[in-house]
Amino acid sequence: MPEPVLAVDHVFKYFGDYPALHDVSFSLNGGECLALIGRNGAGKTTMLKILAGLSGAAQGEVRLFGDSPRQASARRRIGLLGHGIGVYDELTAIENLTIFAQLYGVSAAVARHWLERTQLAHVANAPVREFSRGMRQRLAVARAFLHDPALLILDEPFTALDDRAIALLQGLLAEAKAAGRTIIMSTHQLREAMELATHVALIERGKLVHFGVRSAEMLADPTYVYRTFGAA
Amino acid sequence: MVFLQIAAKDLRSELRTKESLNASLSFAVVILLLFSFAFDPSSEAVAEFSGGLLWLVFAFAGALILNRSFARELPNDCLEVLIASPVSGAQLFLGKTVASFVLLMTIEVICLPIFGIFYDITWIPQALPLLGIFALGTWGMTILGTLFSALTVNLSLRELMLPMLLYPLMLPALMAAMRLTTILLAGNAIAGNDMVWLRLLIGFDIIFTALSLALVETILVR
Amino acid sequence: MAKNIRLGLGALVGMLLLRNLYVILFNLPDEMEQGPIYRIFYYHLPAFFAAILCYITALVASSMYLIKKNLRYDAIAMSATEVGLAFAAVNLITGMIWGRISWGIWWAWDARLTWALICWLVYFGYLMLRQAIDDPTERAKNSAVLSIFAFVSVAITYKAIEWWRTQHPGPVLSIRTGKQLIDPVMENMLYMNFLALATLAVLMVIIRLNQEEMQRQIDGLRRRAHAI
């Protein structure tokens with residue numbers, strides 16, 4: 001049995017005395033895609049932040065590629081797309097991507113390549129401040145995929161994206177999945193997520209109430225998970 | 001050497017907008033001007049507290065620069081992306097400190113001649129040792145200030161909290177820098193009993209650089 | 001049980017303080033040079049030591065929090081800092097009263113006075129920072145770091161400011177000077193009152209700690225209630 005790409009082992013996280021995450025355990029292998037669903041405030045973002053190394057678990061352990069998320073080697077293989085786009089408004093598109101290419105130790109040519117893939121090559125030297133919303137989001141996608149991450153952590157990636165960006169992201173995610181990358185995303189857009197997901201997890205009030213393979217019923221009726229496994 | 005890339009990014013951002021540089025420089029000049037009303041600018045006594053005046057200006061200007069240090073990363077959640085990247089907290093912190101250090105040194109180097117003209121102080125013969133003291137004092141201020149910038153970045157009151165925490169804590173460095181600058185501006189060399197201030201300043205820089213680098217990861221990872 | 005300990009400790013402190021006050025006011029003679037005002041030292045100096053004790057406790061508890069991530073250490077650090085500030089205030093105010101009588105001025109920019117004030121401001125900043133952070137875990141972590149920085153800085157300032165200026169009376173206790181500068185009866189009284197004030201400080205920290213723990217439980221229950 002090879003080491004899973006991502007292993008979450010009895011993780012707790014507290015805000016004061018209040019458990020934001022309560023005894024969460026699951027694991028994912030290469031080529032798997034997890035749709036993490038649950039209401040706002042259930043603990044989805046907290047979970048993803050712990051996976052991305054932005055936050056530490058109070059108890060329990062998270063291992064990425066067999067390592068702690070705070071190891072540089074593990075973080076080098078994570079692609080993160082959070083609520084904010086994570087690029088600098090005052091810098092140009094190419095400057096933004098070049099900086100992140102440096103931080104991840106990939107060549108500047110890769111940055112150019114990703115500008116083309118996200119159809120931003122024509123505005124490479126314009127500051128992000130002047131971009132439309134859709135263009136900014138595509139740049140954020142380029143930033144997250146730049147270093148060919150083996151694990152993609154996406155926090156509500158389809159929220160607030162325009163059609164073009166959704167199509168782009170869906171294509172990239174399908175491609176990544178086929179290439180054996182692991183994807184974990186929190187989402188409220190169940191229809192988009194279910195198509196891509198191989199696994200589904202439901203979090204309610206910090207507890208993982210369901211984790212399992214995405215079934216045919218879920219694909220047919222996205223609310224199935226809530227109705228079958230949810231408490232209320 | 002990743003921290004140099006972070007520093008370069010910060011400096012490039014700052015040069016694009018010149019937000020804190022302009023604000024900080026004009027603020028410094030205004031304060032230099034205001035001092036002339038607080039006392040007789042042509043009196044002999046000015047030389048005796050010239051170092052103090054100069055460093056008060058630097059401390060005020062520095063707070064404006066340091067406030068922006070981590071706050072710069074807030075729009076678009078860039079801070080999260082940086083922390084999640086392979087860059088260690090220490091490298092990120094060091095890069096940001098270097099960027100603020102360069103910006104503040106620039107302001108100081110511009111302020112010194114203006115100060116010389118306004119208050120008739122001769123500084124040119126001592127330019128090199130002065131620059132050395134500026135660098136040591138400014139490093140102490142930026143290392144503490146950048147740490148507090150990280151500490152207060154998520155607060156709504158951060159612009160108020162930073163100077164309130166920073167000024168009393170950087171007092172040893174400030175005292176030493178003031179004393180040494182005054183000695184140099186009076187045309188004397190740092191020697192004998194005054195060496196203790198130089199040692200204090202260097203010691204302060206070393207202790208707080210080490211302490212900050214050791215603790216910054218704890219601050220950044222929530 | 002815990003409540004009985006607090007009550008017992010309170011009674012002990014009360015008696016000790018009253019007994020000391022009686023001895024200081026009625027049994028001990030006036031000092032030769034200063035007259036009756038010297039008695040304020042029986043509070044000035046012990047309050048200073050009690051405050052230092054609190055700050056050291058805060059430093060240790062803050063470091064322990066960063067190692068163990070247990071919010072109880074955070075509560076200890078915070079309680080100790082608050083109580084330390086109270087004793088530091090006693091130290092400052094009694095010092096000012098003495099200064100008014102002996103030097104004729106309320107405030108002198110003397111090394112130790114200035115230092116005590118800086119210390120007060122630094123630790124007050126610690127409490128301000130705490131107030132500004134909502135999430136208890138984040139608050140504990142960030143204020144623990146600040147507490148460590150505060151202690152180191154204040155320790156360096158102590159020496160630096162002495163080089164800068166000093167006019168405060170030098171050390172008098174025989175353990176610091178190695179000589180018998182003051183009457184042993186008076187020195188013993190200083191120790192006695194230090195014991196009283198230190199016990200009072202411990203009691204106050206325990207009470208404050210208890211309040212803080214309750215507050216945390218209430219906050220936790222509140223969040224739980226919101227989640228339902």
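For clarity, every value in this text was computed on a predicted model and none was experimentally measured. Chain naming here is simple, since letters A, B, ... match the order of the sequence lines and numbering starts at 1 in each.
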(Q) For B:N154, which atoms come within 4.5 Å of any heavy atom of chain C: side chain, backbone, both, or neither? (A) side chain
Q. Contact part of B:L165 toward chain C, heavy-atom cut-off under 4.5 Å: side chain, backbone, both or neither?
A. side chain
Q. Is it true that a side-chain atom of C:N91 and a backbone atom of C:H44 form a donor plus acceptor pair closer than 3.5 Å?
A. yes
Q.
As a quick check of understanding, evaluate side-chain hydrogen bond (donor to acceptor under 3.5 Å, both in side chains) for C:T157 and C:W115, giving each step before the final call.
A. CA-CA 7 Å; C:T157 310; C:W115 182 77; 5.2 Å; no
Q: Report the residue from B:R72, B:R68, B:K9 that forms a side-chain hydrogen bond (donor to acceptor under 3.5 Å, both in side chains) with B:E14.
A: B:R72
(Q) Below 4.5 Å, heavy-atom pairs only: which of C:L146, C:D134, C:T137, C:L66 has the largest tally toward chain B? (A) C:L146
Q) Where do C:S143 and C:R130 come nearest, in terms of heavy atoms and distance? A) OG-NH1, 3.1 Å
Q: Give a yes or no on whether the ring-centroid distance for C:F149 and B:F208 is below 6.0 angstrom.
A: yes
Q: Go through the steps for B:F35 and B:Y119 under the test ring pair (Phe, Tyr, Trp, His ring centres under 6.0 Å), then give the verdict.
A: CA-CA 10 Å; B:F35 277 148; B:Y119 299 98; 7.4 Å; no
Q.
Does any backbone or side-chain atom of B:M175 lie under 4.5 Å from a heavy atom of chain C? Answer side chain, backbone, both or neither.
A. both
Q. Going by residue number, which parts of residues 135-153 of chain B are within reach of chain C, meaning a heavy-atom gap below 4.5 Å?
A. B:L144, B:L147, B:F148, B:L151, B:T152
(Q) Tell me whether the NZ or CZ atom of B:K96 lies within the 45° cone about the ring axis of B:F70 and under 6.0 Å from its centre. (A) yes
(Q) Is B:V221 close to chain C through its backbone or its side chain, or both, or neither, when contacts mean heavy atoms under 4.5 Å? (A) backbone
Q | Gap separating the CG atom of B:L92 from the CD atom of B:Q5, nearest 0.5 angstrom | A | 12.5 Å
Q) Who wins among B:L169, B:L200, B:L155 for the most heavy-atom pairs under 4.5 Å with chain C? A) B:L169
Q) Knowing that exactly one of C:F87, C:W120, C:Y123 qualifies, which makes a ring-ring contact (aromatic ring centres under 6.0 Å, His included) with C:Y55? A) C:Y123
